[in-house]
Amino acid sequence: MKKFFLFRCIVVTIAALPCTISFAQKKTIDQKVDSVLKLMTLDEKIGQMNQYNGDWDATGPITKDGDKQNQIRKGMLGSMLNVTGVEHTRELQEIAMQSRLKIPLLFGQDIIHGYRTTFPIPLAEACSWDTTAIKLSSRIAATEAAAAGVHWTFAPMVDIARDPRWGRVMEGAGEDPYLGSVIAAARVRGFQGNGLGNVDAVMACAKHFAAYGAAIGGRDYNSVDMSLRTLWEIYLPPFKAAEDAGAATFMNSFNDLNGIPATGNKYLQRTILKDDWNFKGFVVSDWGSVGEMINHGYAKDGYEATMEAVTAGCDMDMESRSYINNLSKLVKAGKIKVELIDDAVRRILRKKFGMGLFDDPFKFCDTTREQQQWNNADNLKAEKTVAEKSIVLLKNENHVLPLSKQTKTIALIGPFIKAVRDNLGFWSYQYPDDSARITTQYQGIQNKVSKDTKILYAKGCEINDTSQAGFAEASDVAKQADVVIMSVGEASDWSGEAKSRSNLQLPGMQEELIKAIYATGKPVVVMINAGRPLIFNWTADNVPSILYTWWLGTEAGDAIADVLFGDYNPSAKLPISFPRTEGQIPIYYDHYKTGRPATSDSDRFYRSAYIDLSIYPKYCFGYGLSYTNFSYSAITMSDSIMHANKPVTAEITVTNTGNYDGEETVQLYIQDLVGSVVRPVKELKGFQKIFLKKGESKEINFTVDIDKLKFYNDDLKYIYEPGDFKVYIGTNSQDVKEASFKLE
Ligand code: NOJ
């Protein structure tokens with residue numbers, strides 16, 4: 001690498017006389033950045049702020065667009081997305097090395113839940129409440145992607161989402177700012193590993209800044225209108241956590257926030273992110289979002305859109321070509337100061353130096369490493385472990401689950417039993433040869449049971465069809481079996497970007513199929529595959545055992561089989577409330593207290609309730625069962641009085657009272673009884689994941705310090721107020737023990 005470094009120094013010196021550039025190791029990154037910046041023309045600076053898409057074609061993801069290649073050669077491009085693979089990234093990086101200053105390209109990609117090995121969708125992983133597992137999944141994704149030439153992932157998506165109609169709910173960690181924050185930090189740390197500059201670390205990108213998840217009506221790209229207090233209290237904390245964890249980049253968002261498009265939003269990008277939070281990385285626009293400010297009616301044309309975006313602090317333009325076409329004119333007209341451009345370019349170059357790309361632009365182009373990661377069996381094993389932790393047991397009456405591996409005859413019914421790619425979910429990459437790597441649910445179950453177990457199969461119906469033609473065969477198969485396992489849900493490409501749905505029922509004839517199979521009288525287990533909370537009330541009320549399996553990734557089938565047959569005792573908890581009907585949306589546990597609170601379903605009139613619907617979700621935030629049972633003692637407070645500098649401790653004893661060893665997620669919620677602004681009924685402020693052998697008890701302690709009591713007051717100051725508080729500890733947001741203390 002040293003040799004290479006010397007060589008580059010000479011080349012740059014010759015190519016760019018008079019040359020003051022020197023990459024002597026003792027210089028700081030900022031000094032190195034400045035020495036490059038000094039050599040750059042305005043057009044070259046603007047080039048760094050420009051990002052283009054690669055073109056997917058039959059041979060792989062690379063741009064064949066001669067114009068783009070020419071622009072790289074001229075130094076008019078700083079980054080590309082959707083170009084992966086050592087061969088392709090090297091080919092384009094070689095072109096960048098033909099440019100005057102030889103500034104390396106950055107290659108970005110949406111590595112949302114895995115690259116070669118697909119992990120559970122992020123919402124599923126969030127059900128694990130296991131930051132070690134989540135960090136591991138991001139770590140492996142980064143290692144595989146980096147080995148394929150990728151420098152930068154457009155993840156984590158840390159948008160709080162409280163509307164399951166929004167298709168991108170699958171990409172985040174659900175409805176809660178506390179859980180969302182710890183998961184955001186874990187993902188950033190996973191992606192960036194031991195630090196940028198290592199060949200297995202990719203830059204993280206906290207997105208979409210900000211409030212994209214609150215799109216009105218759950219319609220993707222729609223406007224967002226919310227109080228600044230809600231913005232600060234609910235939507236910004238995961239971004240702050242990502243920034244604190246060292247996220248190298250941020251992506252702004254498509255939506256407008258209270259009338260200002262996020263891409264042109266100075267308050268978000270400059271005031272909050274770059275000034276208040278002192279963020280040193282760079283902000284990339286979302287795809288085309290600079291140009292979309294024209295559709296918003298916020299800018300007349302690309303010229304104005306560019307002016308708004310650059311002024312607001314958007315450093316890189318993804319694919320709208322607004323900067324490359326307008327920025328130099330804006331500088332010449334005196335509308336944009338060159339200092340603003342220098343600031344953006346400095347931020348981008350700093351990351352290129354940080355990644356070590358100036359020392360060796362091809363450091364991510366090692367074919368041996370790429371090969372090793374391409375078929376890494378350890379990654380598959382890790383994926384299965386994370387997938388198991390993501391499966392939520394919603395119901396298990398009469399202990400139908402776990403099933404015996406010696407069961408004589410098992411009927412497998414439903415459109416997802418033999419599904420292949422559907423197990424992967426929306427943001428997964430489909431390589432030409434990867435189907436054989438995916439374990440279907442059918443295969444997973446078949447591998448698990450004894451060799452004497454007979455497996456019968458009937459599809460029953462399609463995912464979204466009106467035909468019941470397969471029902472008779474499916475009922476017939478069910479009648480021959482000792483137990484029936486059904487796999488239903490929504491297609492994997494029904495959630496994700498631009499996949500908003502107004503109807504969240506199980507699609508097509510699937511719930512009718514469940515009724516028909518249930519009518520055979522056989523014990524039935526239903527597995528639901530989806531990228532969002534679906535509505536399946538009949539199934540929930542009648543079928544004895546239900547697993548929510550989401551989209552679990554490459555090892556879905558084996559992970560599911562481990563849970564069905566008791567090799568893994570489910571431990572996942574919902575990170576989002578499941579509504580009873582679409583009419584309850586948005587529904588979330590930490591709502592404010594109203595003047596006429598409804599405290600039960602019989603309490604409807606003149607109460608904040610519906611006259612025709614329960615106030616409770618079907619499954620609440622934090623809910624999820626185990627094959628064993630856990631009992632909670634009363635809470636003991638270390639003191640009934642707390643002071644700002646003297647925390648109190650809440651202690652509880654949890655006992656495994658059932659017949660299996662198992663994991664429990666013990667959840668801490670706090671309620672501020674009276675505030676200068678209305679406070680939520682309760683807020684998650686901590687959790688601990690514990691493992692208890694059957695019969696075992698453990699004392700769990702939560703420290704309640706002053707940070708857990710702070711909130712944004714009417715002046716948006718982050719403060720605490722003396723007064724009475726309640727502490728709740730329990731197995732989910734509804735089933736809790738209660739204690740209280742006073743803050744003096
Ligand atoms: C648009 C999406 O909103 C964003 O999340 C993604 O990173 C970009 N496209 C690039 O694919």
Side-chain angles (χ1 to χ4, degrees), residues 50-56 61-63 77-84 105-115 121-123 138 141-142 145 150-161 166-173 184 187-188 191 202-215 218-224 235 238-239 242 247-257 261-263 265 268 281-293 295-296 309 314-322 425-430 493 495-500 531:
N50 186 26
Q51 184 189 53
Y52 290 152
N53 184 38
D55 306 302
W56 291 82
I62 185 170
T63 181
L77 198 65
S79 171
M80 297 203 75
L81 72 151
N82 294 334
V83 179
T84 62
L105 288 169
L106 274 178
F107 295 105
Q109 178 86 9
D110 290 286
I111 314 295
I112 309 295
H113 50 110
Y115 178 67
I121 57 168
L123 187 60
S138 307
V150 175
H151 307 141
W152 177 20
T153 174
F154 303 125
M157 187 196 95
V158 302
D159 295 308
I160 294 296
W166 190 50
R168 301 195 78 168
V169 75
M170 56 84 61
E171 267 178 76
R187 287 201 186 282
V188 169
F191 287 133
V202 298
M203 297 197 295
C205 181
K207 71 185 188 185
H208 305 84
F209 199 57
Y212 180 45
R219 280 194 287 134
D220 208 0
Y221 317 121
N222 206 4
S223 293
V224 172
Y235 288 84
F239 286 101
T249 69
F250 266 53
M251 183 185 289
N252 58 35
S253 53
F254 290 123
N255 56 287
D256 76 85
L257 174 64
T263 304
N265 200 309
L268 287 174
F282 68 88
V283 179
V284 63
S285 78
D286 203 345
W287 180 295
S289 68
V290 175
E292 287 178 16
M293 287 197 288
N295 290 342
H296 277 287
C314 171
D315 304 305
M316 187 180 276
D317 173 9
M318 180 190 285
E319 258 296 330
S320 91
R321 299 182 181 225
S322 304
F426 184 80
W427 286 104
S428 52
Y429 292 95
Q430 308 196 340
D493 61 358
S495 61
E497 186 177 347
K499 298 292 187 304
S500 297

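Note that ligands are numbered from 1 as they come in the structure, with each ligand's atoms numbered from 1 the same way.
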Checking ring pair (Phe, Tyr, Trp, His ring centres under 6.0 Å) for the pair Trp427/Phe154: CA distance, chi angles, key distance, verdict? CA-CA 11 Å; Trp427 286 104; Phe154 303 125; 9.3 Å; no

Please check if any side-chain donor atom of Asp256 sits under 3.5 Å from a side-chain acceptor atom of Ser223, or the reverse.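 Short answer, yes.
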
Any chance the side chains of Thr263 and Asn252 put a donor and an acceptor closer than 3.5 Å?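 Yes, a side-chain donor-acceptor pair sits under 3.5 Å.
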
Give the atoms of ligand 1, by number and element, whose distance to some non-hydrogen atom of [X] is under 4.0 Å.
X: Arg168; value: 2 (C), 3 (O), 4 (C), 5 (O)
X: Phe154; value: 7 (O)
X: Met251; value: 4 (C), 7 (O)
X: Asp286; value: 1 (C), 2 (C), 3 (O), 4 (C), 6 (C), 8 (C), 9 (N)
X: Lys207; value: 4 (C), 5 (O), 6 (C), 7 (O)

Any N or O of His208 that comes nearer than 3.5 Å to an N or O of ligand 1?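 Right, the criterion is met.
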
Can you see whether Phe426 has Arg168 sitting over its ring - NZ or CZ less than 6.0 Å from the centre and within 45° of the normal?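 Ring-cation test returns no.
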
Please state which option from Thr153, Asp110, Asn82, Asn53 has its nearest heavy atom closest to atom 6 (C) of ligand 1.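 It is Asp110 whose heavy atom sits nearest to atom 6 (C) of ligand 1.
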
I need the Phe107 CZ to Trp152 CH2 distance, nearest 0.5 Å.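 Here the rounded value is 12.0 Å.
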
Met170 and side chain to side chain contact (heavy atoms under 4.5 Å, CB included): which single residue from His113, Met157, Lys499 fits?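 Running side chain to side chain contact (heavy atoms under 4.5 Å, CB included) over His113, Met157, Lys499 with Met170 returns exactly one hit, His113.
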
Measure Met157 to ligand 1 on non-hydrogen atoms and call it side chain, backbone, both or neither using the 4.0 Å cut-off.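 Met157 to ligand 1: no contact under 4.0 Å from either part.
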
Mode of Leu81 contact toward ligand 1 - side chain, backbone, both, neither (heavy atoms, under 4.0 Å):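 It is the side chain that touches ligand 1; the backbone stays farther off.
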
